[in-house]
Participant: 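Dropping a structure here in structure tokens format, bear with me for questions.
Chain letters run A, B, ... following the sequence lines, proteins first and then strands; every chain starts at 1.
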2 protein chains.
Amino acid sequence: MTARRRGKAPSQADVARLAGVSQSAVSRVISGNAATARIPEDTRQRIFQAVRELGYVANPAARAMRGKRTNLLGVHTFERVFPHAREDFYFEFLLGIEERAEETGFDLVLFTSTGSGGSGERGERKIYKDGTNRLNMADGSILLGVSTDRGELARLWYEGYPFVHIGRREVPGAEIPQVVPDYRGASGAIVDRLAELGHRRLGYVREWLEMEPYEDRRAGYAEAVERLGLTDESPGFRGAHGIEADWLDEVAGGAATAIVVESVRLAESLRDQLAARGRKIPDDVSVAVLEAAPADLSGQWDSLVIPRTEIGRIAVDRLQAMLDDPDQRTGSLLVPCPLIPGTTVAAVGD
Amino acid sequence: MTARRRGKAPSQADVARLAGVSQSAVSRVISGNAATARIPEDTRQRIFQAVRELGYVANPAARAMRGKRTNLLGVHTFERVFPHAREDFYFEFLLGIEERAEETGFDLVLFTSTGSGGSGERGERKIYKDGTNRLNMADGSILLGVSTDRGELARLWYEGYPFVHIGRREVPGAEIPQVVPDYRGASGAIVDRLAELGHRRLGYVREWLEMEPYEDRRAGYAEAVERLGLTDESPGFRGAHGIEADWLDEVAGGAATAIVVESVRLAESLRDQLAARGRKIPDDVSVAVLEAAPADLSGQWDSLVIPRTEIGRIAVDRLQAMLDDPDQRTGSLLVPCPLIPGTTVAAVGD
DNA sequence: AGGAGGTGCTCATACGTATGAGCGCTGATG
DNA sequence: CATCAGCGCTCATACGTATGAGCACCTCCT
């Protein structure tokens, strides 16, 4: 047995010939909705018989060309999808996207071709490459990651391409549809909890990045501090990055009883530097982290859960809603991030 | 500023109108090879200008229909790609596939739509679903995973669709192109090593599965035992699955000095049951595992490395070779699996 | 008998791209 | 001046599918 030589898959026309009907009859039977197709059972059977005999399968490209959906859902990540390190970032989003795509009968296109040419480059990916946008290969796309070039997003939006961005990204003049973890709310909730436990003087340690997800955290924190009438004079609260030694000395002296930190990395550093000053967490200072702690550290830091899988699923659903109703240009959707208790926050004076 | 309303992406015809040329001129400039297109520089520029102005991008469906490449590389997994168990099977293969696809300018399409309808099902995916084979949306595909239905593979091969299977899978009558970890060679090498260390009486513990990858291991092991004139009367060697208590008693009594095990899972069970009989690894019995140990156990078990990333890359390259030369119907390619030393194999009598 | 309405299809065309064939023009050559 | 080659395009068509329009035939009703 030898493979049929690569030429010509059978078409509807072939099927039609074999069944002794016209091509359009075949089309009607195979894919036409039963309503418009008034074809009696015996003809149907003859056609299906011919289909089986020839091993006919519909050509999706041709089908797509008739203005039907391609049933392809694009996924554009601004960095490599399967990274060596930091695999946790994309992975869970993709998990949800894949699940939901499968459930709704879509295939996923991972756009990788838009890397910046040479292989050794920074791995940063662009949507538009030499004036061509591969994204509309798919019915719509989910965008994911750290998009440095907002112009691209603006253009995509302007062109009316249906897409959903995961994570908040503000682009002036464009109201891009996005699914956003509610860092702001979660940060506020963490402050609420600290206040409940009797903490009045707080501190804040911020990362170096100036992107929206961090802005949200900072806003939520500042808002809650204000609302509850707490005090914070930490450098991070005023905009300084990282941990300052002077301030640590003050904290060790009791200037703050609870500290909110933007990342596990910084929290660990904080822990070590406090330890060096003879202060323990949570006995002397409570610490909460505004990030999802990795699985092996979960249950340790008081932190938050980013429901990434759920966000991926939601993004798919919103995209599909946009496809079904093109006029529906929805804005942001906030997804709550529950707090997860750990062992680094305690009531004041315990 | 409002988004362009979602009607009709611009076509070559639109570009042509704007540039004042014919559609075919546009086609020639954009995608025709320079040889056949005798279009002077200024017209080219005018056309490209119009392309930019309209944001034209080629319709892949139409292009595919004309028999051109879509630059889409299919990935069909017979189970879900992003499983919950993270260290899983697929991840590293995909890593390599993605890297290589990016380097060679292909996008990846993950075929998820072929799941068996309802969401709660077994998650087993089919290639052919209600008479349509979505795979030929892509230029070619990489198949990956535990394909239960060999008929599908046979049919795909018969139809001349270009694909590469990762992992060995025998289909009678079809010579399917595949990239295969050399379990057979690795198993032999492990026996070689044991023999070098003075072991003469071996044992073998097999998994329950009867699929090719395990057959390869068993063949390699049996072959080496025979070749080196060693002895093995273990139940696993004769075909029994799992670990038998009677035999364990014999081993504890010195019937075998080294045992080759098909999985870490079984090896751990073996270790515990030997311990219960007062025997230690490797002091009393050496144990080697014919599987890649998870990262956190690496350096512990004597085991082997499955170069998954590399295999993914190779699969992409082979597929591309097939695309470039459709007559090239290559068979299996073996990829060596190096042994990785651990602490569970020792010289006899140490 | 004549019309209405239904059945079982076929015809023709559109979708967007690629490409072989060919047409009108210009400049060079014999 | 006639011929010819090359240039710069256009024309026409094919790819496979979906679908509105319509045709021929039949049945039923008045």
Side-chain angles (χ1 to χ4, degrees), chain A residues 6-48 50-51 54-71 132-134 136-137 139, chain B residues 7-47 50-51 54-72 130-134 136-137 139 159:
Chain A
R6 197 96 203 72
K8 315 281 94 256
S11 69
Q12 287 186 354
D14 300 320
V15 174
R17 241 178 324 266
L18 183 57
V21 295
S22 73
Q23 175 264 325
S24 46
V26 175
S27 172
R28 300 204 125 91
V29 166
I30 289 181
S31 47
N33 42 7
T36 62
R38 309 171 303 190
I39 311 262
E41 198 50 31
D42 55 341
T43 310
R44 288 186 117 74
Q45 289 312 321
R46 230 173 342 122
I47 289 175
F48 281 127
V51 163
L54 295 178
Y56 165 83
V57 316
N59 177 335
R63 189 169 273 185
M65 233 189 60
R66 267 310 309 234
K68 291 286 239 190
R69 301 274 183 81
T70 51
N71 273 338
T132 174
N133 159 13
R134 297 261 305 160
N136 48 17
M137 190 85 97
D139 294 337
Chain B
K8 310 278 100 252
S11 70
Q12 287 186 353
D14 299 320
V15 174
R17 244 183 316 274
L18 183 57
V21 294
S22 74
Q23 176 264 326
S24 46
V26 175
S27 173
R28 300 204 125 89
V29 166
I30 289 182
S31 48
N33 44 7
T36 62
R38 309 171 303 188
I39 311 263
E41 199 49 31
D42 55 342
T43 309
R44 290 183 118 72
Q45 289 313 323
R46 227 172 346 122
I47 290 175
V51 163
L54 294 177
Y56 165 82
V57 9
N59 176 333
R63 183 170 277 188
M65 235 186 60
R66 276 298 318 222
K68 282 291 233 192
R69 300 272 184 84
T70 53
N71 273 338
L72 289 178
D130 43 51
T132 175
N133 162 12
R134 300 261 307 157
N136 44 24
M137 207 70 149
D139 294 337
E159 286 178 355

Participant: Quick one: closest heavy-atom pair of A:Ala61 and B:Ala64, and the distance?
Facilitator: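 Closest approach of A:Ala61 to B:Ala64: CB-CB, 3.9 Å.
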Participant: In whole angstrom, give the distance that lies between atom CZ of A:Arg17 and atom P of D:dT17.
Facilitator: 12 Å
Participant: Kindly indicate, with the supporting measurements, whether the criterion side-chain contact (heavy atoms from CB on, under 4.5 Å) is fulfilled by A:Val26 and A:Tyr56.
Facilitator: CA-CA 11 Å; A:Val26 175; A:Tyr56 165 83; 5.7 Å; no
Participant: In whole angstroms, how far is the C1' atom of D:dG16 from the OH atom of A:Tyr56?
Facilitator: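 In whole Å, D:dG16 C1' lies 7 Å from A:Tyr56 OH.
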Participant: Using five pairs at either end of the helix from C:dA1-D:dT30 to C:dG30-D:dC1, determine the angle between the two local helix axes and round it to 10 degrees.
Facilitator: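 The angle separating the two end axes equals 70°.
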Participant: Checking A:Thr43 now: which residues fulfil side chain to side chain contact (heavy atoms under 4.5 Å, CB included) with it, not counting sequence neighbours?
Facilitator: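 Listed in chain order: A:Val21, A:Ile39, A:Pro40, A:Arg46, A:Ile47.
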Participant: Under 4.0 Å from any atom of DNA chain D, heavy atoms only: list the residues of residues 19-27 of chain A that qualify, in numerical order.
Facilitator: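 Residues of residues 19-27 of chain A that come under 4.0 Å of DNA chain D are, in numerical order, A:Gln23, A:Ser24, A:Ser27.
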Participant: Pick the closest DNA chain D nucleotide for A:Ala13 and for B:Asp42 by heavy atoms, then say which residue is nearer the 5' end.
Facilitator: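 Checking each residue's closest nucleotide, the 5'-ward one belongs to B:Asp42.
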Participant: Under the side chain to side chain contact (heavy atoms under 4.5 Å, CB included) test, which residues partner B:Leu18, sequence neighbours left out?
Facilitator: B:Ala50, B:Glu53, B:Leu54
Participant: Atom CZ of A:Arg46 and atom P of C:dC9: how far apart are they, to the nearest Å?
Facilitator: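 Atom-to-atom, A:Arg46 to C:dC9, this comes out as 7 Å.
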Participant: Could you tell me how far apart B:Gln12 (CD) and C:dT19 (P) are, to the nearest whole angstrom?
Facilitator: 11 Å
Participant: Measure from CG on B:Asn59 to C1' on C:dC15 and round the result to the nearest Å.
Facilitator: 8 Å
Participant: Please check the phosphate of C:dC15 (OP1 and OP2 only) for any side-chain N or O of B:Ser11 closer than 4.0 Å.
Facilitator: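 For C:dC15, neither OP1 nor OP2 has a side-chain N or O of B:Ser11 closer than 4.0 Å.
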Participant: Detail all sub-3.5 Å separations between protein N/O atoms and N/O atoms belonging to nucleotides 21-25 of chain C.
Facilitator:
none

Participant: From CZ of A:Arg63 over to P of C:dA14, roughly how many Å is that when rounded to an integer?
Facilitator: 22 Å
Participant: Can you tell me the distance, in whole Å, between the CD1 atom of A:Ile39 and the C1' atom of C:dG8?
Facilitator: 6 Å
Participant: Rounded to the nearest 0.5 Å, what separation is found between the CD atom of A:Gln12 and the CZ atom of A:Arg28?
Facilitator: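 Here the rounded value is 11.0 Å.
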Participant: To the nearest angstrom, how far is A:Met65 atom CE from D:dC15 atom C1'?
Facilitator: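 Going from A:Met65 (CE) to D:dC15 (C1'), I get 8 Å.
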Participant: Filter on salt bridge (Lys or Arg N to Asp or Glu O under 4.0 Å), then keep only pairs touching residues 16-27 of chain A, sequence neighbours left out; what's left?
Facilitator: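 Listed once each, the pairs are A:Asp14-A:Arg17.
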